[in-house]
Amino acid sequence: MLQRNLLLVNIYKFFNGLEPLSVFIIIYFYQITGSFATAVAIRSIETITCSLSEIPVGLISDNIGRKKVSVITGLLMTLSAFCWALGGSIDSTATLFIGGFFAGLANSFYSGSFEALIYETCTKLKRRQDFSAIISNAGTCRYLALALGTIMALIIYSLYGLTVLAWFAVLPRICETITSMFFVEPLANSPKVSSLQMLKNSIKCFKASKKLRQISALQVFDESLYWTNLGINSLYFQTLVPLWVINIATFINHILSALGYAAFKKFRKLNMFKILTFSSWIEAGFGIITIIVNSVLSPFIWGLASFFQYFKRPAKITVIQHELSPHQRATMGSMISLLSGISSGICMYLVGLIADYTSIYVGFSILICGKIILGYFYSALTRKYAHKR
């Protein structure tokens, strides 16, 4: 029965990545609210809710099981998409904020739990060595769906407008929920302990493992750069090219991201730390070329970095999953996600502040400097742990 999980994971990730409204989400919120500040605040509610609920939700996941959490995630995402579509139809800002709250809660349920479900399934099936390849396939499906969503968004928006697009975006969330209902619970025989004791055990594991602390800290730094990049790259590129060119570049980025995930399978038998180091240095190299060229070609040059950014993502997930305690896997993953969320917020604010006082070019350049530092730290971990898979 557990084998079913490995068959469903690609379908689940495809619907999870089919987010046609995401291409125009801020524009959609602005169209309804008439305020950029309010539009951004709706996304902020999503981020804040996710950060505040990370650890409690991780504890819930480790107690009630992965399948139930996956179903809850889908239901919350469906409610979020419904509220956003309804908010556009009735011009209700409050409904949009409620949708942002549900989206943040859904993201906190998803964080750590999905990887935990797959890792534990592989462990029970004695296929743990295939975990990274399965995650790679799932990532490929997700980013192909994102690319498809970009095309669908442009077509539906051009023909019917953003409100119809918002209602259409509810359908993939429903499909995601239905798919999650067919997962098989891999933690059927897990011991039940109190949430407080589980949290104490998770903290104890972090204190006991220096390797886990080092990998976690670097993953937090890496995720901070990743989310800061998503937040500011379009602001930088819009100073160089029209918005429609950015949309084309975004589509290409999604395709390259999918190819990066797919290519990882060919190299998954290599040491994961070496993959992280190599990819990070190449990514930083494309970033340097991007800011040096500083022209209409920049969005496409930086897009090439997407291949390596997502080529290394299964390796990131694999090295952290190998270090997490089996019975606190989602809780510990949520602790890392919480730190990543806080760090990302600080990083985005500082880079934005620098951009306000200088220019967005300088802000983007600071981000690239961070990528260079990341490559250095990954190389240090490689020297330390290269003898281990």
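Predicted model only: the values in this text are computed from it and were never measured.
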Q. Considering all heavy atoms of both residues, which atom of Ala169 and which atom of Pro172 are nearest to each other, and what is their separation?
A. O-CD, 3.3 Å
**Q.** Arg4 and Phe183, any side-chain heavy atoms less than 4.5 Å apart
**A.** no
Q) Taking atom types as modelled, is there a side-chain donor on Asn5 or Tyr12 under 3.5 Å from an acceptor on the other? A) no
Q. Is there a side chain to side chain contact (heavy atoms under 4.5 Å, CB included) between Tyr378 and Phe273 once you walk through the steps?
A. CA-CA 7 Å; Tyr378 271 132; Phe273 291 101; 5.5 Å; no
Q. Atom CG of Asp130 and atom CD1 of Ile135: how far apart are they, to the nearest 0.5 Å?
A. 12.0 Å
Q: Please report the C-alpha distance between Ser279 and Ile275 in whole Å, then the side-chain angles of each, then the deciding distance to 0.1 Å, and finally whether the side chain to side chain contact (heavy atoms under 4.5 Å, CB included) criterion is met.
A: CA-CA 6 Å; Ser279 300; Ile275 290 175; 4.1 Å; yes
(Q) With a 4.5 Å cut-off on side-chain heavy-atom distances among I, L, V, M, F, W and Y, is there a chain of contacts connecting Phe14 to Met77? (A) no
Q. According to a 4.5 Å side-chain heavy-atom criterion applied to Ile, Leu, Val, Met, Phe, Trp and Tyr, with indirect links allowed, do Ile134 and Leu7 form part of one hydrophobic cluster?
A. no
Q: Supply the atom-to-atom distance Tyr226 OH to Glu283 CD, rounded to the nearest 0.5 angstrom.
A: 10.5 Å
Q.
Could you report the tightest heavy-atom contact between Ser379 and Trp281, atom names first, then the distance?
A. CB-NE1, 4.1 Å
Q. Under 4.5 Å between side-chain heavy atoms, hopping through other hydrophobics if needed: is there a path connecting Leu225 to Leu276?
A. yes
(Q) How long is the straight-line distance from CZ of Phe237 back to OG1 of Thr239, given to the nearest 0.5 Å? (A) 9.0 Å
(Q) I need the minimum non-hydrogen distance between Arg142 and Gly17, along with the two atoms involved. (A) NH1-CA, 3.2 Å
**Q.** Any donor-acceptor N or O pair under 3.5 Å, side chains Thr290, Ser298
**A.** no
(Q) Is there a ring-ring contact (aromatic ring centres under 6.0 Å, His included) between Phe311 and Phe267? Walk through the geometry before answering. (A) CA-CA 10 Å; Phe311 175 76; Phe267 299 90; 5.7 Å; yes
Q. Stepwise, does the side chain to side chain contact (heavy atoms under 4.5 Å, CB included) test hold for Leu146 with Phe251?
A. CA-CA 8 Å; Leu146 280 166; Phe251 171 76; over 6 Å; no
Q: Please answer: with hydrophobic residues joined when any side-chain heavy atoms are less than 4.5 Å apart, are Tyr236 and Ile252 in the same cluster?
A: yes
Q.
Under a 3.5 Å distance rule, please check whether Thr140 uses its side chain to pair with a backbone N or O of Ala258 as donor and acceptor.
A. yes
Q.
Working note: Gln214 + Gln219, criterion side chain to side chain contact (heavy atoms under 4.5 Å, CB included); need CA distance, chi angles, decisive distance, verdict.
A. CA-CA 9 Å; Gln214 290 175 333; Gln219 181 152 321; over 6 Å; no
Q. Does the side chain of Ile368 come within less than 4.5 Å of Ser365's, by heavy atoms?
A. no
(Q) Please evaluate residues Trp84 and Tyr28 with respect to the criterion ring-ring contact (aromatic ring centres under 6.0 Å, His included), reporting the C-alpha separation (whole Å), side-chain torsions for both, the decisive distance (0.1 Å), and the verdict. (A) CA-CA 9 Å; Trp84 284 343; Tyr28 175 68; 8.2 Å; no
Q) Hey, does the side chain of Thr95 reach the backbone of Gly87 with a donor-acceptor pair shorter than 3.5 angstrom? A) no
Q | Check: Ser224 side chain, Cys347 main-chain N or O, donor-acceptor pair, under 3.5 Å | A | no
Q.
For a quick test of reading the model, state the closest non-hydrogen atom pair linking Leu256 to Gly303 and the distance between them.
A. CD1-O, 3.3 Å
Q | Shortest non-hydrogen contact between Leu125 and Gln3, atoms and distance | A | CD1-OE1, 3.7 Å
**Q.** Sub-4.5 Å side-chain heavy-atom contact between Thr33 and Leu96
**A.** yes
Q) Should Lys316 and Glu223 count as an ion pair when the cut-off is N to O under 4.0 Å? A) yes
Q: Quick one: pull up CG in Asn253 and CD in Gln309 and give me the separation to the nearest 0.5 Å.
A: 9.0 Å
Q. Leu6, Leu8: one ILVMFWY side-chain cluster at the under-4.5 Å cut-off?
A. yes
Q. OG of Ser280 to CD1 of Ile373: how many Å apart, nearest 0.5 Å?
A. 12.5 Å
(Q) Are the side chains of Ile45 and Ile98 in contact, using a 4.5 Å heavy-atom criterion? (A) no
Q. Between Val293 and Ile301, which heavy-atom pair has the shortest distance, and what is it?
A. CG2-CD1, 3.8 Å
Q: Compute whether any side-chain donor of one residue and acceptor of the other, for Tyr143 and Tyr310, lie under 3.5 angstrom apart.
A: yes
**Q.** Exceeds 12 heavy-atom contacts within 6.0 angstrom, atom CZ of Phe131
**A.** yes
Q) Do any N or O atoms from the side chain of Asn107 and from the backbone of Ala103 form a donor-acceptor pair under 3.5 angstrom? A) yes
Q. Considering residues, nucleotides and ligands other than Phe377, do more than 12 of their heavy atoms fall under 6.0 Å from its CZ?
A. no
Q) Within the distance-only criterion (no hydrogens, no angle test), does the side chain of Ser92 pair as donor or acceptor with the backbone N or O of Gly88 below 3.5 angstrom? A) no
Q) Under 4.5 Å between any side-chain heavy atoms of Thr163 and Ser89, yes or no? A) yes
Q: State whether the side chain of Thr382 and the backbone N or O of Thr277 hold a donor-acceptor pair below 3.5 Å, judged by distance alone.
A: no
Q) Is the closest side-chain heavy-atom distance between Met152 and Leu18 below 4.5 Å? A) yes
Q: Check the surroundings of atom OH in Tyr361: do more than 12 heavy atoms from other residues, nucleotides or ligands lie under 6.0 Å from it?
A: yes
Q: Hey, can you tell me if Phe364 and Trp302 have their rings parallel, tilted or perpendicular (30° and 60° cut-offs)?
A: perpendicular
Q. So how far is it from Leu154 CG to Thr250 OG1, rounded to the nearest 0.5 Å?
A. 9.5 Å
Q.
Any non-hydrogen side-chain atom of Cys83 less than 4.5 Å from a side-chain atom of Phe102?
A. yes
Q) Does Gly99 offer a backbone N or O that forms a donor-acceptor pair with the side chain of Ser80 under 3.5 Å? A) yes
**Q.** Heavy-atom side-chain contact between Ser180 and Thr73 under 4.5 Å
**A.** no
Q) Centre of Phe82's six-membered ring, under 6.0 Å away, within 45 degrees of the axis: is that where NZ or CZ of Arg173 sits? A) no
